[in-house]
Amino acid sequence: KAIEGRPFIVHNNAGGRVACGMLSFVTHTQSAKLNALSDSGVVGAVTLHTTGELIAGAGWADGLEYNLRGLENGGTDCTSKNGGGAHVHDGLTCDNTAGQGGHLTTRTGADPWTSIGYSRTDSTGFGYFAYIVKSDNTDVTNKPFLVHNNAGDRVSCGLLRSTSLVYVGDLAQLDSSG
């Protein structure tokens, strides 16, 4: 059933409706199936949407280290360079480190990805990530998306390809929910 023009509702813990937005179809959307690099066993998926100055996305990875907690969750994990990272690289392939390149930077060379990634994993090694990155370099089609483990090693990669059937909704608070 089509979801175009339908409301997307966010509920709080008590089940009350706190935000609502109407779903609309968007273009400039890419996704990737994330495959394990070497023998890491880490797999996942990511979908992202770009505008002239933003890259917004979400995804998941499975097969990571168990029970990680980053600083923002009161833990001490994911403090290595790229530890827990999940981001777009500037290369053209997932085949090797050289082909993957480094982080996709802005046109002036700034790295908007330094704090983007998963901040925790569960008892099975599953982690999720969601982000919005401000950049003037948002052409991510055919770029590799990489996930790093706790030590910062590259453990999963997929090439971002144009996709269809992605919907977004600009959420507005309901009543005085905040």
Side-chain angles (χ1 to χ4, degrees), residues 3 8-21 23 29-50 54-89 91 93-97 99-104 111-134 140 143-161 163 165-169 171 173 177-178:
I3 61 173
F8 183 88
I9 307 291
V10 177
H11 297 267
N12 63 15
N13 263 354
R17 296 176 182 199
V18 296
C20 178
L23 293 173
T29 304
Q30 294 78 27
S31 64
K33 176 183 175 190
L34 304 175
N35 298 302
L37 293 175
S38 56
D39 63 352
S40 73
V42 178
V43 297
V46 63
T47 299
L48 52 88
H49 169 70
T50 59
L54 296 175
I55 302 171
W60 59 271
D62 195 22
L64 297 161
E65 296 95 335
Y66 306 145
N67 299 315
L68 295 179
R69 285 189 0 196
L71 297 173
E72 59 278 2
N73 286 315
T76 58
D77 300 313
C78 302
T79 57
S80 299
K81 182 178 182 190
N82 292 323
H87 35 252
V88 179
H89 279 231
T93 182
C94 285
D95 294 341
N96 54 54
T97 301
Q100 296 159 1
H103 296 181
L104 182 68
D111 185 351
W113 300 98
T114 57
S115 64
I116 304 299
Y118 54 95
S119 59
R120 62 181 297 160
T121 61
D122 67 15
S123 62
T124 66
F126 178 87
Y128 63 90
F129 45 89
Y131 56 87
I132 297 177
V133 172
K134 188 169 183 175
V140 299
K143 298 290 185 199
F145 189 94
L146 279 103
V147 173
H148 298 262
N149 65 10
N150 191 38
D153 299 327
R154 299 172 183 199
V155 292
S156 189
C157 184
L159 292 180
L160 293 162
R161 306 284 191 209
T163 189
L165 298 178
V166 173
Y167 295 84
V168 298
L171 299 178
Q173 79 176 9
S177 67

**Item:** Criterion side-chain contact (heavy atoms from CB on, under 4.5 Å) on L34 and W60, from CA distance to verdict
**Value:** CA-CA 9 Å; L34 304 175; W60 59 271; over 6 Å; no

**Asked** Between L68 and Y118, does a side-chain contact (heavy atoms from CB on, under 4.5 Å) hold up when you go through it step by step?
**Response** CA-CA 9 Å; L68 295 179; Y118 54 95; 4.2 Å; yes

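Nearest heavy atom pair, residue G91 against residue P144, reads O-CD, 3.1 Å. Here the closest heavy-atom approach between residue T124 and residue D62 is recorded as O-OD1, 3.9 Å.
Shown here is I132, whose CD1 atom has no more than 12 heavy atoms of other residues, nucleotides or ligands within 6.0 Å. Applying the 6.0 Å contact sphere to CZ of F126 captures more than 12 heavy atoms from other residues, nucleotides or ligands.
Looking at heavy atoms from C-beta onward, W113 lies in side-chain contact with V133 at the 4.5 angstrom threshold. Side chains of V147 and L64 form a contact here, defined as non-hydrogen atoms less than 4.5 Å apart. Within the 4.5 Å cutoff, the side chain of K143 has no heavy atoms near those of the Q30 side chain. By the 4.5 Å heavy-atom criterion applied to side chains, I3 and F8 are not counted as neighbours.
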Taking only distance into account, with no hydrogens and no angle test, what donor-acceptor pairs under 3.5 Å do side-chain atoms of residues 38-45 form with protein atoms, sequence neighbours excluded?
{"residue": "S40", "atom": "OG", "partner": "L37", "partner atom": "O", "Å": "3.2"}
{"residue": "S40", "atom": "OG", "partner": "V42", "partner atom": "N", "Å": "3.2"}
{"residue": "S40", "atom": "OG", "partner": "V155", "partner atom": "O", "Å": "2.6"}

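For residues 8-21, no pair satisfies side-chain hydrogen bond (donor to acceptor under 3.5 Å, both in side chains), with sequence neighbours left out.
Note that the CD atom of Q100 and the SG atom of C94 stand 6.0 Å from one another [nearest 0.5 Å]. Once rounded to the nearest 0.5 Å, the distance linking CG of N67 with OG of S123 reads 5.5 Å. Between K134 atom NZ and I55 atom CD1 the span is 13.0 Å, to the nearest 0.5 Å. Rounding to the nearest 0.5 Å places CG of N149 at 4.5 Å from CD of E65. Annotation: the span from L160 atom CG to H89 atom NE2 amounts to 11.0 Å, rounded to 0.5 Å. Considering CZ of F129 and OG of S119, their distance stands at 12.0 Å, rounded to 0.5 Å.
The side-chain hydrogen bond (donor to acceptor under 3.5 Å, both in side chains) test applied to H148 returns H87, not counting sequence neighbours.
The main-chain N or O of G85 is never found under 3.5 Å from a side-chain atom of N82 such that the two would form a donor-acceptor pair.
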